Amino acid sequence: MPELPEVETIRRDLAPLVAGRTITGVEVDPGTLPLLAGAPIETLRANLVGRTIRSLGRRGKYLLFELDDGRWFAAHLRMTGRLVWRERGAPPEPYERAVIQLDDGHDLRWSDLRKFGTWRLHASAEEVTAKLGPEPIDAGLTEAQFRRVLEGRRAPVKAVLLDQRRFAGLGNIYVDEALYAAGVRPDTPAGDLSRAAMGRLYRACREVLERGIAHRGASFRDYVDGQGNEGQQHMFVQVFRRTGKPCYVCGTPIARSIVGGRATHYCPRCQRPARRPRRAGEGARRAG
DNA sequence: CGTCCCCTGTCA
DNA sequence: TGACAGGGGACG
């Protein structure tokens, strides 16, 4: 469910509420096995209870609790996960699967309809982020570095943008929105994009993520922020789940297809195929 | 790389 | 009843 803007909104909500708090209890519904990826709940509890939370960070779509023993507790909400701050004794959230109790009388309530979310304890922050690419909104990510990730790739540009090892934080909503804003067709082989198109895409990725944060995330279905409230970004999308509705720019009906295994929405007129088709003999080239 | 799968619910 | 759902890991 949540992509970078949604996770960042939750982080900003919860960070001041959990920083400096000590964890006094951890309860997990035993029916929610995927959450711990096989690790015994007793082990997790032993490692968390008594620890004080130094800070709450985020990398890509991971929420990262920095603990006072130097370790990091990483939570990933996957499709339907929620994490909200509640007073102890408040009624359970819908599909509540786990509770982290804090020493100030509040709980972090973890709910997850589809049970895809994951919790894991890491020895270092680097261990969490080792497999993740840069975030498109990283201040240090230059346009040239962005292009380098796309260059030479035969995979659809949408698949490259969704691959968290290439770039961290983009998901299905923001990728479709970024490709629309850049005027790029999602199934274009990434390496076929012109330099100018890559530049537009670089800026579009940053803009859609920043706009998503400004609107506190997109609540199409399950997402809520750290207080349980919906975001606003779903009211501003240009193409995502607008299949058959007119493009806001040219009026052409928004098309839907499958790219990278995901439902994909685009304007067939505003988003042109690559202007730089691959030449003979270029087909086998690959980038590292 | 694409495909299947995890799980549970909603919608056509 | 079947298709589909803000994700990602395993597989071939």
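Predicted model, so just to flag it, every value in this text is computed and none were measured. Computed over heavy atoms, backbone and side chain alike; hydrogens, waters and symmetry mates excluded.
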Please tell me if A:R241 has a side-chain N or O lying less than 4.0 Å from either OP1 or OP2 of C:dA5. no

Identify which nucleotide among B:dG2, C:dA5, C:dG6 has an atom closest to any side-chain atom of A:D222, counting heavy atoms from C-beta outward. C:dG6

Taking all heavy atoms of A:S257 and all of A:V259, pick out the closest pair and write down the distance. OG-CG2, 3.8 Å

Euclidean distance for C1', C:dG6 against B:dC1 (whole angstrom): 23 Å

Which nucleotide, C:dG8, C:dG6, B:dT8, lies nearest any side-chain atom of A:L113? B:dT8

Check whether any side-chain N or O of A:Y95 sits under 4.0 Å from OP1 or OP2 of B:dG9, and answer yes or no. yes

Go nucleotide by nucleotide along DNA chain B from the 5' end; which of A:K115 and A:V160 gets its closest nucleotide reached first? A:V160

Atom CZ of residue position A:R88 - does it have more than 12 heavy atoms of other residues, nucleotides or ligands inside 6.0 Å? yes

Looking only at the side chain of A:R97 (C-beta and beyond, no hydrogens), which of the listed nucleotides C:dG8, C:dG6, B:dT8 gets closest? B:dT8

B:dC4 and C:dA3: how far apart are their P atoms, nearest whole angstrom? 12 Å

Tell me, please, whether A:F146 has A:R206 positioned over its six-membered ring: NZ or CZ under 6.0 Å from the ring centre and within 45 degrees of its axis? no

Options C:dG8, B:dC1, B:dT8, nucleotide nearest the side-chain atoms of A:A155: B:dC1

Taking atom C1' of B:dT8 as reference, at what distance in whole Å does atom CG of A:D29 sit? 14 Å

Tell me whether the NZ or CZ atom of A:R241 lies within the 45° cone about the ring axis of A:F220 and under 6.0 Å from its centre. yes

Under 5.5 Å and under 30°: A:F116 stacked on B:dC7: no

Would B:dG9 be called syn or anti, given that syn covers angles within 90° of 0? anti

Should C:dA3 form a Watson-Crick or G-U wobble pair with both distances under 3.5 Å, which nucleotide is its partner? B:dT10

Contact class for A:G261 (heavy atom, under 4.0 Å): base, sugar-phosphate, or nothing? nothing

Measure from the side-chain heavy atoms of A:R114 and tell me the nearest of C:dG8, C:dA5, B:dG2. C:dA5

Considering non-hydrogen atoms only, spot the tightest contact between A:T24 and A:V49 and give its length. O-CG1, 3.8 Å

At 4.0 Å (heavy atoms only), tell me whether A:P94 reaches a base, stays on the sugar-phosphate, or touches nothing. nothing

What is the pairing partner of C:dA10, taking Watson-Crick or G-U wobble pairs with both distances under 3.5 Å in any strand? B:dT3

